[in-house]
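Data first, discussion second: the structure below is written as structure tokens.
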Amino acid sequence: MTQTGLLQLYNTLKREKQVFIPQDPERVTLYACGPTVYNYAHIGNARPAVIFDLLYRVLSSIYPKVVYARNITDVDDKINAAAAEEGVPIDVISKRYSDAYHDDMAALGVGLPTVEPRATGHIPQMIDMIQRLVDSGHAYVTEGHVLFSVESFAEYGSLSRRDVNEMIAGARVEVSDFKHHPGDFVLWKPSQDPLPGWDSPWGWGRPGWHLECSVMSETHLGDTIDIHGGGQDLVFPHHENEIAQSVCAHGGQTFARYWMHNGFVTVNKRKMSKSLGNTLVVHELLKKHKGEVLRYLLLSAHYRQPLDWSEEALTRIQRTVDRIYGVLRDADVNYGPFETADQVPAPFMSALLDDLNTPDALAQLNSIARRLAKAGNREEAQLAAGELLAAGALIGLFQHDPQEWLAGDTEGLDDALIEQLIAERNSARVEKNFSRADEIRDQLQAMGITLEDVAGGTRWRRSD
RNA sequence: GGCCAGGUGGCAGAGUGGUUAUGCAGCGGCCUGCAAAGCCGUCUACGCCGGUUCGAUUCCGACCCUGGCCUCCA
């Protein structure tokens, strides 16, 4: 409870920013739709993970207890397909990619949620919710399927602001004969032999995707939760369906009080998609770029805006992050070491409290860095550095050792040789043999090493 | 067709009814043997047309354009 300002969030339900008031300040609940683990996470999957990780951090700095649930969908037709293709059991696929997801997210500074439920661990609860929906007339059984009846829920479509009947007129929905209404969706479907399945009152089968989130949310967070988040494309039908299931299963109670949706990551202004072949996998990006740079880039645009990904953007952010670490390093050499401040600087916090305005927050952070660079004495430096580190700790940036960060990946470099060449060059400089000195500098540059002559001597770093 | 975002300076990207966003790049200067890094200074803005207003990039209306959702999708 360190903060006085009010948190404002844009609520998709109302299409406006609202002051966030938890139903119980002693236990704030947040649910974000996690990955379906059939492949490596792409950068578009990473965005909501980073955004809601940040929201969790901000909430946790305000409220004593925040329960954050981020599920893992480990039963899904895409997983089945991947398993069939490789000829391995389903859990080999889901284990491999959920492990990879954890590694990738950790590299992006995304911590584990409070609870990370898996769909396969909640089959009895799913069956129970379906039964309740059937019993209350919101779902019906037909040909081994259990379907949710959208006509049984008057508010259906309110989140996405759609009229089911008008939508269906578009005829893009695959209409199955056994559906009472074309908009009805599957809660339970039958499984045949190679596919995963469980016993149920409706036969051997598996759950529909939308149901999982309703059930896991109910199990771990309760009937009514504070905030539910996810990507914009989940608004319809996924979240709309979640609302229908949960509200109807809970006798009309509100499901989520605030709905938050992040914009897409685009590549060359186009949405990432398999068909366009422009999917950028985090696992691959991390081979060339540091996770912190990816995180900074993901936070550099407001979460509701589209974020265009490019090599140019990556280079730009890399320089920005390097510069700030450089400021920290220089200040450290001159006035350090520094203590992290107890309080997050007010302008920075205000920016985050304003619907997670991360571009503004990062602008504040940059301003603090400039103040640090200009600090003329230890007090000023400690003040600025303390704020910078505190702000960084909250947003998940600048917690590395500056020296180590700037040294970069020293793998494959011969430190001794570099030091020897630097010594040689400095001798040449003392002798005013500048052509020889420049020759050595060029030689190092060719090795990817950039030299900086500073007061204390010559230091080096990896070239950009 | 229905619904929803958005068009800001070279680029990225916030924000605001009248006063510096911030970063990257550029330009000039300081520093340096020269660079690099850093610091100081500095040029490019608010899609188009109307309206409201003393004053609009910022509010209202029309228009043009871009992107997304409506089907698995972060």
Side-chain angles (χ1 to χ4, degrees), chain A residues 12 15 32-36 38 41-52 76-78 81 157 160-164 166-174 183 209 229-238 240 261-266 269-275 279 296-297 300-308 310 312-313 315-324 326-327 329-331 347 351 354 357-370 373-374 406 428-430 432-435 437-438 441-442 445 449-455 458-461 463-464:
Chain A
T12 307
R15 311 283 158 116
C33 292
T36 299
Y38 68 101
H42 60 245
I43 198 69
N45 296 312
R47 176 126 97 143
V50 168
I51 295 299
F52 294 109
D76 181 274
D77 288 352
K78 282 183 292 233
S160 53
R161 309 210 166 170
R162 289 165 207 275
D163 182 301
V164 223
E166 278 182 19
M167 268 162 40
I168 303 309
R172 295 178 69 185
V173 178
E174 197 178 322
W209 174 49
Q232 260 167 9
D233 52 350
L234 296 184
V235 173
F236 188 90
H238 186 54
E240 200 69 75
H261 294 96
N262 64 273
F264 294 115
V265 176
T266 59
K269 309 287 184 183
R270 314 239 28 144
K271 185 185 171 183
M272 248 189 261
S273 76
K274 292 226 171 98
S275 54
T279 308
Y296 194 117
L297 178 46
S300 68
H302 184 81
Y303 77 90
R304 281 189 279 117
Q305 297 303 129
L307 174 70
D308 196 49
S310 65
E312 294 72 38
T315 303
R316 173 164 40 83
I317 298 298
Q318 171 81 253
R319 285 184 191 164
T320 302
V321 176
D322 282 350
R323 189 187 120 266
I324 293 179
V327 168
R329 187 261 323 269
D330 290 350
D354 180 16
N357 190 339
T358 52
D360 190 12
L362 291 173
Q364 301 302 331
L365 205 144
N366 273 282
S367 297
I368 296 168
R370 187 160 298 278
K374 289 159 72 172
L406 293 166
R429 290 173 70 209
V430 169
K432 309 265 189 227
N433 184 355
F434 296 122
S435 61
D438 291 350
R441 186 168 61 197
D442 290 345
Q445 191 63 58
I449 303 300
T450 297
L451 297 184
E452 292 172 15
D453 295 324
V454 292
T458 300
R459 68 189 180 208
W460 60 272
R461 63 180 167 84
S463 307
D464 290 333

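Letters A, B, ... are given to chains in the order of the sequence lines, protein chains preceding strands, and every chain is numbered from 1. For the numbers below, each heavy atom of this structure counts, side chains included, while hydrogens, waters and symmetry mates do not. A quick note: this is a predicted structure, and the numbers were derived from the prediction, not measured.
Here the side chain of A301(A) is nearest to one of A36(B), G13(B), C3(B), namely G13(B). Ranking C34(B), A14(B), A74(B) by closeness to the N357(A) side chain, first place goes to A14(B). Residue P237(A) has its side chain nearest to U71(B) when only A35(B), A36(B), U71(B) are considered.
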Given side chain to side chain contact (heavy atoms under 4.5 Å, CB included), test T320(A) with L362(A) step by step and report yes or no. CA-CA 11 Å; T320(A) 302; L362(A) 291 173; over 6 Å; no
Side chain to side chain contact (heavy atoms under 4.5 Å, CB included) between E240(A) and R162(A): does it pass, once the steps are laid out? CA-CA 10 Å; E240(A) 200 69 75; R162(A) 289 165 207 275; 5.6 Å; no
Tell me, with the steps shown, if R429(A) and D453(A) meet side chain to side chain contact (heavy atoms under 4.5 Å, CB included). CA-CA 11 Å; R429(A) 290 173 70 209; D453(A) 295 324; 3.4 Å; yes
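Atom NE2 in H302(A) sits roughly 8 Å away from atom P in A14(B) (whole-Å rounding). Computed from coordinates, the R304(A) CZ to G7(B) P distance equals 12 Å when rounded to whole Å. For the pair L307(A) CG and A5(B) P, the computed distance is 20 Å after rounding to whole Å. Protein atom CZ of R459(A) is 9 Å distant from nucleotide atom C1' of G38(B), rounded to whole Å. Across the protein-nucleic acid pair, D438(A) atom CG and A36(B) atom P stand 12 Å apart, rounded to whole Å. Regarding D453(A), its CG atom lies at a distance of 10 Å from the C1' atom of A37(B), rounded to whole Å. In this structure, CD of Q305(A) is placed 11 Å from C1' of G7(B), rounded to the nearest angstrom. Atom CG in L406(A) sits about 10 Å away from atom C1' in A37(B), given to the nearest Å.
Within the 4.0 angstrom heavy-atom criterion, no nucleotide atom of any strand lies near D76(A). Residue contacts shown for L451(A) include a base, since a base heavy atom lies under 4.0 Å away. Within the 4.0 angstrom heavy-atom criterion, no nucleotide atom of any strand lies near K432(A). Within 4.0 Å of G230(A), counting heavy atoms only, lie sugar-phosphate atoms of the nucleic acid but no base atom. Looking at heavy-atom distances under 4.0 Å, H42(A) makes contact with a base. At the heavy-atom level, V265(A) lies under 4.0 Å from base atoms of the strands shown.
Note that CG of D76(A) is 5.0 Å distant from OG1 of T36(A), once rounded to the nearest 0.5 Å. Here OH of Y296(A) is found 5.0 Å from CD1 of I324(A). Values are rounded to the nearest 0.5 Å. To the nearest 0.5 Å, atom CD1 of residue I449(A) and atom CZ of residue R459(A) are 14.0 Å apart. With values rounded to the nearest 0.5 angstrom, F264(A) atom CZ is found 14.0 Å from D308(A) atom CG. Note that OG1 of T450(A) and CG of L406(A) are 11.5 Å apart. Values are rounded to the nearest 0.5 Å. Rounding to the nearest 0.5 Å places CG of L297(A) at 11.0 Å from CD of Q318(A).
To the nearest whole angstrom, the two C1' atoms, one in U57(B) and one in C40(B), are 30 Å apart. When the C1' atom is used for both U22(B) and U16(B), the distance is 15 Å, rounded to whole Å. The gap from the P atom of G18(B) to that of A37(B) amounts to 38 Å, rounded to the nearest Å. Nucleotides G13(B) and G6(B) place their C1' atoms 13 Å apart, quoted to the nearest Å. U20(B) sits 13 Å from A14(B) when the C1' atoms are compared, rounded to a whole Å. For the P atoms, the distance linking U58(B) with G47(B) amounts to 8 Å, nearest Å. Comparing the C1' positions of C48(B) and G7(B) gives a spacing of 11 Å, expressed to the nearest Å. With both ends at atom P, the span from G38(B) to C24(B) equals 8 Å, rounded to whole Å.
Ranked by how close their nearest RNA chain B nucleotide is to the 5' end, G263(A) and A437(A) are led by A437(A). Where R47(A) and Y303(A) each meet RNA chain B at their nearest nucleotide, the meeting point lying more 5' is that of Y303(A).
Residues K374(A) and R370(A) are in side-chain contact: their nearest non-hydrogen atoms beyond the backbone lie under 4.5 Å apart.
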Produce the list of close N/O pairs, under 3.5 Å, pairing protein atoms with atoms of nucleotides 21-29 of chain B; give distances to one decimal.
from	atom 1	to	atom 2	distance (Å)
G23(B)	OP1	R370(A)	NE	3.4
G23(B)	OP1	R370(A)	NH2	3.0
G23(B)	O2'	T320(A)	OG1	2.3
A25(B)	OP1	R319(A)	NH1	3.4

Distances under 3.5 Å only, N/O to N/O: pair up the protein atoms with those of nucleotides 66-69 of chain B.
from	atom 1	to	atom 2	distance (Å)
C69(B)	OP1	K271(A)	NZ	2.8
C69(B)	O2'	R162(A)	NH2	3.2

RNA chain B in dot-bracket, Watson-Crick or G-U pairs under 3.5 Å, [ ] crossing, | other strand? (((((((..(((.....[...))).(((((.......)))))....(.(((..]....))).))))))))....
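Between R461(A) and D322(A), no side-chain nitrogen of the basic residue sits less than 4.0 Å from a carboxylate oxygen of the acidic one, so the salt-bridge criterion is not met. Under the 4.0 Å criterion applied to side-chain N and carboxylate O atoms, R441(A) and D438(A) are assigned as salt-bridge partners.
In this structure, R323(A) and A369(A) approach most closely via the heavy-atom pair NH2-CB, 4.3 Å.
At a cut-off of 3.5 angstrom, counting only N and O atoms as typed in the model, there is no donor on one side facing an acceptor on the other between the side-chain of R161(A) and the base of C4(B).
Residues T12(A) and H261(A) have side chains that bring a donor and an acceptor to within less than 3.5 angstrom of each other.
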